[in-house]
Undergrad: 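Below you'll find the structure I mean.
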Amino acid sequence: MQVEQWLSVLNQAQHDAVVHDGKSLLILAGAGSGKTRVITTKIAYLISQKQVDPFSILAVTFTKKAAKEMQERAVLLEPRAQYAQIRTFHSFGAYFLRKYAFEAGLASNFTVYDDDDMVTLVTKANPSLTRQQASHAAHFISLAKDYCLLPDSDRLYEITDDERFADIYANYQALLKQTGNVDFGDLILLPYLVLKNNPEVRKEIHLRYHVIMVDEYQDSNVAQFLLLQQLAGVAENADCRVCVVGDDDQSIYKFRGAEVQNILQFQSQFPETKLIRLETNYRSSSQILACADAVVSNNKDRLGKTLVAAHGEGKKPTLVFLPNQDDEASFCADLIEQLHEKKVPYSDWAILYRTNAQSLTFETEFLHRKIPYKVVGSLKFYEREEIKDVLAWLAFLANPRDQIAFRRIVNKPARGIGNTSQDKIVSASAGSSILETARSFKLSKKAAAGMQTFCAVADELNQFFTDPKNKDEKLSAYVQAIVQKTGLEELHKADDEISGTSRVANMQELINSAVLYPCTTEGLLDFLDHIELDRTLENEADEITDAVTLITLHNTKGLEFPRVIITGMESGVFPREDKTGAELEEERRLFYVGITRAKNDLYFTSCAVRRLYGRTNYMFPSPFLHELGDDNVRILGQKPASFESAPEGSRGTEGNPLAKKWHVGLGVYHDDYGHGQIVKAGLSDEGEYVISVSFENGGIKRFLPKYQSAALMVEQND
DNA sequence: CCCGTCGTTATTTTT
DNA sequence: TAACGACGGG
């Protein structure tokens with residue numbers, strides 16, 4: 001394709017963004033505004049028109065999928081784009097650390113620990129912690145790393161107020177160091193530290209990269225921001241251009257360390273920034289965009305932009321009030337079935353919800369009605385036990401200091417090597433090869449025999465690499481050998497027969513996926529990196545079949561569907577009960593993301609009653625529904641009285657629908673205390689609406705109806 | 001070492 | 001409700 005052609009399909013703002021020639025560029029790209037087209041065209045433009053060496057271009061994204069799409073589309077425009085570095089932040093980190101392993105204090109055979117492994121490591125480093133405490137600590141350690149805080153930082157209080165945290169974190173780091181491996185956070189944090197502390201490395205990098213682009217910048221964390229600054233050489237005014245693309249209105253990963261402030265403050269952190277807004281939306285009808293805009297304009301902390309639909313006005317979105325979640329599911333099913341008869345494919349539809357648990361009702365209903373569906377995101381292939389077992393063998397063979405992998409596989413199948421023996425061997429190895437330590441370690445008779453078997457298997461597998469007759473083999477042959485020779489196949493085959501699982505088949509799928517890699521140490525590490533850094537295994541069968549998509553709102557980012565139903569629009573479910581202030585704004589952005597996924601049809605459903613955690617809850621419509629604006633939606637179903645009366649955007653006690661429902665004399669029933677009557681109702685000192693209930697079995701209890709609606713309900717007088 | 005039972009506990013999760 | 005971890009008996 002010719003340059004003139006790709007430039008001619010761009011609108012003015014897109015064109016400006018592509019040809020912008022200054023040092024720093026912030027592209028505020030609204031939903032559906034063609035940002036991938038802009039980035040890919042810019043890469044092609046730089047290479048073909050500005051003679052920029054593709055090797056000097058680095059483009060980072062957050063997902064493998066986005067990286068792949070970006071590369072493919074750029075290559076279509078300009079074949080030399082295949083030499084540009086287009087990868088995820090974390091895979092760039094892994095690449096960097098293998099290259100500068102020495103400077104980072106690592107051996108280049110490190111592998112990456114996932115969140116589960118982190119928890120195990122935290123427990124081993126801090127044996128006094130319960131599993132739950134360890135899992136909290138692991139989460140906090142991840143967050144600390146996202147914010148670039150080390151165990152000796154005096155700002156750890158920003159992560160948690162637990163005073164033991166610094167010690168727990170330090171112990172964890174010490175043990176991690178001993179294994180020679182890294183965790184996800186290290187993939188960003190360590191490259192940053194290497195660059196910061198090594199002028200030589202920095203110089204090399206600055207010579208190499210002249211253009212750096214970051215996609216979805218609103219979801220970058222502090223560590224990624226700091227790494228970007230180092231890569232671009234902002235402090236020493238290196239000759240590097242930085243272009244970030246993002247949408248502050250779509251920042252939804254704060255809980256994982258994403259920092260919206262990165263995009264909000266970009267202009268003051270990078271020199272000579274030009275800001276370009278992409279506000280033409282090529283996805284949704286203007287009626288849908290009106291809803292989106294009405295909602296998101298309630299947020300204060302934003303750069304601000306207004307989307308304009310390139311396509312027509314479309315249909316007015318529909319808000320549906322339903323009695324309960326079973327009716328919600330059957331309403332969706334009806335809609336889908338009716339239109340399917342008119343040849344609307346199932347795959348046009350996406351059902352969006354706030355929490356994974358909400359998918360269950362839809363699954364039951366759809367199974368019953370034989371509506372094909374696929375649940376996105378719940379398939380965690382690489383977190384399955386049998387897969388982790390095989391991967392642990394691979395990790396252990398790559399790095400014999402990996403105690404987490406060792407512990408996972410040494411006694412599986414059972415070889416009589418219990419926890420105590422494992423602890424002894426690991427601590428005796430003190431950071432050197434666990435396999436070598438184990439070989440000569442004296443153990444009880446039973447454990448010693450088991451260990452001999454284990455070592456023999458490990459040796460046999462290791463020989464696979466060195467054996468010259470395997471030098472042209474694929475890695476899949478090696479993975480297959482692991483599955484067969486370690487006894488994992490028999491072990492899991494037995495499981496399959498008992499509980500009807502498909503573990504052996506899953507392992508086979510893993511074997512198949514290794515066919516693309518050579519049977520060498522590099523191939524092995526490469527394979528593990530790819531798995532660790534891309535947990536989504538695309539299932540081809542899912543791609544081709546016509547099915548409704550069931551998906552959490554978070555998982556929809558970057559996707560689009562002709563017809564979308566956003567379900568569970570109830571206060572407490574979405575937004576969640578405990579969200580206020582900045583967190584409420586993030587929930588609102590999540591709603592915005594959901595709305596802007598829809599191309600033509602958009603529905604919202606809200607239930608009057610929802611069973612949650614085994615209790616019947618009387619629900620109130622989500623406050624977000626008021627924000628849609630009366631003129632922007634068509635309403636179906638019985639509109640709750642509270643929906644009319646509540647002032648727009650109000651969540652205070654004044655005019656709060658909750659306050660109206662409870663009055664003195666009203667009979668109530670409480671799940672734990674039984675029948676009772678309200679004896680007092682009014683505002684507390686804190687301005688909360690409080691009721692006092694006298695129960696039949698004696699005793700008076702005070703309740704905040706706002707929080708107690710789960711257990712406390714109005715007596716049915718019929 | 002496996003299996004049943006009891007008790008606890010419920011977001012979102014690109015890498 | 002349901003799912004998962006902890007614990008104790010066979």
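Residue numbers start from 1 in every chain, and the chains themselves are labelled A, B, ... in the order their sequence lines are given, proteins ahead of strands. Values reported hereafter were calculated over all heavy atoms of this structure, with side chains retained and with hydrogens, waters and symmetry mates removed.
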Undergrad: Apply side-chain hydrogen bond (donor to acceptor under 3.5 Å, both in side chains) to the pair A:Arg87 and A:Gln85, showing each step before the final yes or no.
TA: CA-CA 6 Å; A:Arg87 51 203 315 166; A:Gln85 287 247 9; 3.0 Å; yes

Undergrad: I need the CZ-P distance between A:Arg576 and B:dA10, as an integer number of Å.
TA: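 About 10 Å, once rounded to whole Å.
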
Undergrad: Step through it carefully: locate the ring centre of A:Phe255, locate the ring centre of A:His554, and say whether they are under 6.0 Å apart.
TA: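 Yes: the rings meet the under 6.0 Å criterion.
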
Undergrad: So, OP1 or OP2 of B:dT11: does either fall under 4.0 Å of a side-chain N or O from A:Asn356?
TA: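 No, outside the criterion.
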
Undergrad: Let me know the distance between CG of A:Leu352 and C1' of B:dT12, rounded to the nearest Å.
TA: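 These atoms are roughly 13 Å apart.
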
Undergrad: Which nucleotide in the set C:dA2, B:dT15, B:dT12 lies at the smallest distance from any side-chain heavy atom of A:Leu360?
TA: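 Nearest to the side chain of A:Leu360 among the choices is C:dA2.
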
Undergrad: Which sits closer to the 5' end of DNA chain B, A:Arg415 or A:Glu586, going by the nucleotide each is nearest to?
TA: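 Its nearest nucleotide lies further toward 5', so the answer is A:Arg415.
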
Undergrad: What residue pairs, at least two apart or across chains, pass salt bridge (charged side-chain N to carboxylate O under 4.0 Å, His left out) with a residue in residues 134-147 of chain A?
TA: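 Every pair satisfying salt bridge (charged side-chain N to carboxylate O under 4.0 Å, His left out) with a residue in residues 134-147 of chain A: A:Lys145-A:Asp183, A:Lys145-A:Asp186.
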
Undergrad: Quick one: A:Asp215 CG to B:dT15 P, roughly how many Å, whole number?
TA: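 In whole Å, B:dT15 P and A:Asp215 CG are 13 Å from each other.
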
Undergrad: Given that A:Leu187 and A:Glu587 both sit by DNA chain B, which one's nearest nucleotide is further toward the 5' end?
TA: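 Per heavy-atom nearest nucleotide, the more 5' residue is A:Glu587.
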
Undergrad: A:Tyr613 has a side chain; which of B:dT11, B:dT13, B:dT15 sits nearest to it?
TA: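 Ranking B:dT11, B:dT13, B:dT15 by closest atom to the A:Tyr613 side chain puts B:dT11 first.
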
Undergrad: Just to confirm, is there a sub-4.0 Å distance from OP1 or OP2 of B:dC1 to any side-chain nitrogen or oxygen of A:Asn411?
TA: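 For A:Asn411, the contact criterion (side-chain N or O under 4.0 Å from OP1 or OP2 of B:dC1) is met.
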
Undergrad: Should the side chain of A:Arg611 and the base of C:dT1 be counted as holding a donor-acceptor pair, with the cut-off at 3.5 Å?
TA: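 In this structure, the two groups form no donor-acceptor pair.
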
Undergrad: Looking for any heavy atom pair under 4.0 Å, which part of the strands does A:Phe89 touch: base, sugar-phosphate only, or nothing?
TA: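 Since no nucleic acid heavy atom lies under 4.0 Å of A:Phe89, the category is nothing.
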
Undergrad: In terms of side-chain heavy atoms of A:Thr63, which of B:dT15, B:dT12, B:dT13 is nearest?
TA: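 For the A:Thr63 side chain, the nearest candidate turns out to be B:dT15.
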
Undergrad: Name the closest nucleotide to the A:Thr552 side chain, picking from B:dT15, B:dT13, B:dC1.
TA: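 The answer is B:dT13.
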
Undergrad: Find the distance A:Leu190:CG to B:dT15:C1' and express it as a whole number of Å.
TA: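 Result: 15 Å.
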
Undergrad: Could you check how far CD1 of A:Ile141 sits from P of B:dT13, rounded to whole Å?
TA: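 Whole-Å distance recorded here is 22 Å.
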
Undergrad: Send over the distance from A:Ile551 CD1 to B:dT14 P, rounded to a whole Å.
TA: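 Value for this atom pair: 11 Å.
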
Undergrad: What is the separation between atom NE2 on A:His554 and atom P on B:dT14, rounded to the nearest whole Å?
TA: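 Taking atom P of B:dT14 as the reference, NE2 of A:His554 is at 10 Å.
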
Undergrad: Ring centres within less than 5.5 Å and planes less than 30° apart: is that true of A:Phe255 and B:dT13 in this structure?
TA: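 So no, this residue does not stack on that base, at least one cut-off failing.
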
Undergrad: Considering only the C1' atoms, how many Å lie between B:dT14 and C:dA3, rounded to the nearest integer?
TA: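 After rounding to an integer number of Å, I get 26 Å for this pair.
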
Undergrad: Would you mind reading off the distance between A:Asp115 atom CG and B:dT12 atom P, rounded to a whole angstrom?
TA: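 To the nearest whole Å, that distance equals 14 Å.
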
Undergrad: I'd like to check the side chain to side chain donor-acceptor pair (under 3.5 Å) partners of A:Thr123; sequence neighbours left out, ordered by chain and number.
TA: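 Side chain to side chain donor-acceptor pair (under 3.5 Å) list for A:Thr123, sorted by chain: empty.
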
Undergrad: Would A:Arg588 and A:Phe624 count as a cation-pi pair here, with the cationic atom under 6.0 angstrom from the ring centre and within 45° of the axis?
TA: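 Cation-pi check for A:Arg588 and A:Phe624: fails.
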
